[in-house]
Amino acid sequence: MSLTTAPRGTYDLMPNEALAWQWMEMIIREVFISYGYGEIRTPIFEHTELFLRGIGETTDIVEKEMYTFIDKGGRSISLRPEGTAPVVRAYIEHKLHGQGGTTKLFYLGPMFRQERPQAGRFRQFHQFGVELLGEEAPLADAEVILLAHDLYQKLGLTELEIYLNSVGCQHCRQKYKEALISCLWDSSAELCSTCQLRLERNPLRLLDCKNASCQKITSQLPSIHDYLCQACQDHFSQVIGFLDQVKVKYEITPRLVRGLDYYSRTVFEVVNTELGAQNAICGGGRYDGLVEECGGPAVPGVGFASGMERLFTTLEQRNKLPIFSRAPQIYIISLSDQFALIAFELTASLRRNGFKVELGFSSKSLKTQLKSANKSGAQLALIIGEDEWKDHQVTVKNMSDGSQTRVEWQELIEQISELITPQGVINE
RNA sequence: GUGGGCGUAGCUCAGCUGGUUAGAGCGCCAGGUUGUGGCCCUGGAGGUCGAGGGUUCGAAUCCCUUCGUUCACCCCA
């Protein structure tokens with residue numbers, strides 16, 4: 001417990017980084033809106049029950065990672081560990097299914113999971129995502145994947161890999177699970193200890209074990225594609241057909257199984273392989289049973305969630321972040337407290353005319369204040385001292401070449417406007 | 001929850017097998033310029049060596065505990 005450090009797994013976003021985040025958020029919103037999605041802002045916390053039902057009681061997320069507490073009304077409340085269940089809850093609560101047709105929603109905000117932090121993993125982290133509800137056609141799956149693809153493209157990330165798979169419907173998945181169990185029963189002793197547990201709890205997870213000896217064994221296993229029913233096969237091949245048509249490159253990975261219980265048929269991930277152990281920046285798929293599971297009508301859905309910290313790291317790593325400057329255009333220097341009033345007034349007037357102005361707060365020596373002006377990155381320094389004061393003028397100094405002129409207070413805005421524009425571009 | 005690495009100045013780090021007042025670079029402050037920044041020069045401030053305990057004549061250095069951090073496992077964005 002320390003007063004002077006942020007809680008484990010959390011961090012402060014400092015001003016320069018916050019600019020980059022704002023830029024990311026802007027692009028994300030633009031792309032989502034252009035695809036016809038509307039933003040929804042659900043509460044940061046929900047009734048715990050929602051996540052138990054929505055995510056699955058036996059998933060790690062709800063078993064050991066949720067921030068859960070009892071509020072003063074005796075209700076069990078949890079900070080949201082993911083965004084889909086709350087959106088589905090809101091969809092049901094506002095009876096959006098009653099409006100007919102499909103519903104396209106996106107969200108963006110903090111999520112909370114109590115895990116040990118590591119590269120690309122935080123306890124408070126940020127996700128954005130989309131949910132397309134009320135449509136079971138393969139075209140919906142393809143559109144959601146295309147959306148993710150185009151979004152990363154728009155952010156300048158062209159070299160990401162898309163992994164694609166189908167985990168089938170309840171029926172084919174069940175048959176496949178049984179097949180895995182019977183194939184592995186005899187050799188189970190050769191599996192790593194966690195895989196032995198997986199064999200009992202969730203055999204699909206065996207497929208992406210990182211242990212080399214497990215991989216050797218599981219590489220002999222049949223593919224889930226051999227167990228897909230005709231309808232699931234058709235669905236998958238149509239999704240692929242649409243993606244091919246719009247030249248979205250993907251890799252079919254029969255071993256890709258996603259951890260959350262609610263997925264059915266299409267699942268996909270967008271991966272940055274240079275990211276470390278936690279390299280998925282986006283995960284999603286179809287969840288046809290979820291709305292009903294959460295107490296709504298039997299409405300199909302498909303969507304994805306993307307981790308903003310991992311996305312940010314990727315953008316940084318690949319030099320795709322624009323350079324942001326917080327530098328003022330003009331730095332105002334007053335050489336004595338007796339000129340503070342006029343300096344303050346000139347600052348206000350310049351700001352009201354759209355210039356980005358910084359005012360030195362104390363009247364130190366000119367040298368010191370010019371150093372501050374220099375450090376601030378301002379293009380112009382305005383100096384008000386004894387001489388200027390007497391003549392109702394200011395000295396305007398160009399910080400890049402050191403040249404300076406005297407300007408009447410009355411003409412300042414006009415003169416400055418000839419040197420720089422309110423956007424901060426020098427008029428040459 | 002489990003395992004490994006790392007905690008020395010605001011930042012990045014050095015400090016060899018224990019041995020005087022714990023160092024460097026960058027940054028910060030002041031001066032070299034009576035009212036002129038960047039470059040250069042000179043000087044200065046700034047450290048309970050993460051914390052607690054132990055071994056020792058002597059600990060930043062060795063041992064134990066603890067906290068923090070980081071990477072990995074589990075799992076996930």
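First the proteins, then the strands, lettered A, B, ... as listed; each starts at 1. Here the structure is a predicted model, which is why all the values come from computation and not from measurement. Heavy-atom basis, side chains included; hydrogens, waters and symmetry copies ignored.
Between the C1' atom of B:rC76 and the CG atom of A:N279 lies a distance of 11 Å, rounded to the nearest Å. Distance CD (A:Q124) to C1' (B:rA77): 14 Å, rounded to an integer number of Å. The CG atom of A:N211 sits 14 Å away from the C1' atom of B:rA72 (whole-angstrom rounding). One can place CG of A:L197 at 14 Å from C1' of B:rU2, the figure rounded to the nearest angstrom. In this entry the distance linking CD of A:E309 with C1' of B:rA77 reads 8 Å, nearest Å. In this structure, A:D208 atom CG and B:rC73 atom P are separated by 12 Å, rounded to whole Å. B:rG1 atom C1' lies 17 Å from atom CZ of A:R113, rounded to whole Å. Between the P atom of B:rG5 and the CD atom of A:Q118 lies a distance of 17 Å, rounded to the nearest Å.
Residue A:K210 places at least one side-chain N or O under 4.0 Å from the OP1 or OP2 atom of B:rC73. Within the 4.0 Å cut-off from OP1 or OP2 of B:rA77, not a single side-chain nitrogen or oxygen of A:R121 is found.
At a threshold of 4.0 angstrom between heavy atoms, the contacts of A:R205 are confined to the sugar-phosphate backbone, with no base atom among them. Residue contacts for A:E115: at a heavy-atom cut-off of 4.0 Å it reaches a base atom on one of the strands shown. Within the nucleic acid shown, A:F304 has no heavy atom closer than 4.0 Å to any nucleic acid atom. Within 4.0 Å (heavy atoms only), A:A373 reaches no atom of the nucleic acid at all.
The environment of CE in A:M14 is sparse: at most 12 heavy-atom neighbours from other residues, nucleotides or ligands sit within 6.0 Å. Under a cut-off of 6.0 angstrom, the local environment of CD1 in A:I70 is crowded, with over 12 non-hydrogen atoms contributed by other residues, nucleotides or ligands.
For the pair A:E388 and A:K390, the salt-bridge criterion is not met [side-chain N within less than 4.0 Å of a carboxylate O]. A salt bridge between A:D141 and A:R265 is absent, with no side-chain N of the basic residue lying under 4.0 Å from a carboxylate O of the acidic one. The pair A:E115-A:R123 fails the salt-bridge criterion, with no side-chain N (NZ, NE, NH1 or NH2) lying under 4.0 Å from an Asp/Glu carboxylate O. A salt bridge is defined here as a Lys NZ or Arg NE, NH1 or NH2 lying under 4.0 Å from an Asp or Glu carboxylate O, and A:K104 with A:E143 meets this definition. Using a 4.0 Å cut-off between charged nitrogen and carboxylate oxygen, A:E161 and A:K249 do not count as a salt-bridge pair. With respect to A:E131 and A:R286, no salt bridge is recorded, no charged nitrogen being found less than 4.0 Å from a carboxylate O. With respect to the salt-bridge test (charged N to carboxylate O, under 4.0 angstrom), the residues A:E293 and A:R53 qualify.
Annotation: A:Y250 is not in aromatic contact with A:Y163 [ring centroid separation under 6.0 Å not met].
Rounded to the nearest Å, the gap between the P atom of B:rC6 and that of B:rC63 is 11 Å. Across the C1' atoms, B:rU55 and B:rG18 are found 11 Å apart, a figure rounded to whole Å. For the C1' atoms, the distance from B:rU17 to B:rU21 is 24 Å, rounded to whole Å. Nucleotides B:rU70 and B:rG53 have their P atoms positioned 28 Å apart, rounded to a whole Å. Across the P atoms, B:rG44 and B:rG50 are found 26 Å apart, a figure rounded to whole Å. Across the C1' atoms, B:rC41 and B:rG47 are found 27 Å apart, a figure rounded to whole Å. Across the P atoms, B:rC76 and B:rC62 are found 41 Å apart, a figure rounded to whole Å. Only the C1' atoms considered, B:rU34 is 23 Å distant from B:rC39, to the nearest whole Å.
The base of B:rC71 has none of its N or O atoms less than 3.5 Å from a complementary donor or acceptor on the side chain of A:R116.
The distance from atom CZ of A:F304 to atom CD1 of A:I281, rounded to the nearest 0.5 Å, is 10.0 Å.
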Based on Watson-Crick and G-U pairs with both distances under 3.5 Å, what dot-bracket line describes RNA chain B 5' to 3', crossing pairs as [ ] and inter-strand pairs as |? (((((((..((((.....[...)))).(((((.......))))).....(((((..]....))))))))))))....

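Comparing A:T194 and A:E269 by the nucleotide of RNA chain B whose heavy atom lies nearest to each, the residue mapping closer to the 5' end is A:T194.
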Just by protein heavy atoms under 4.0 Å, how would nucleotides 26-44 of chain B read 5' to 3' in B, S and -? --S---B--BBBB------

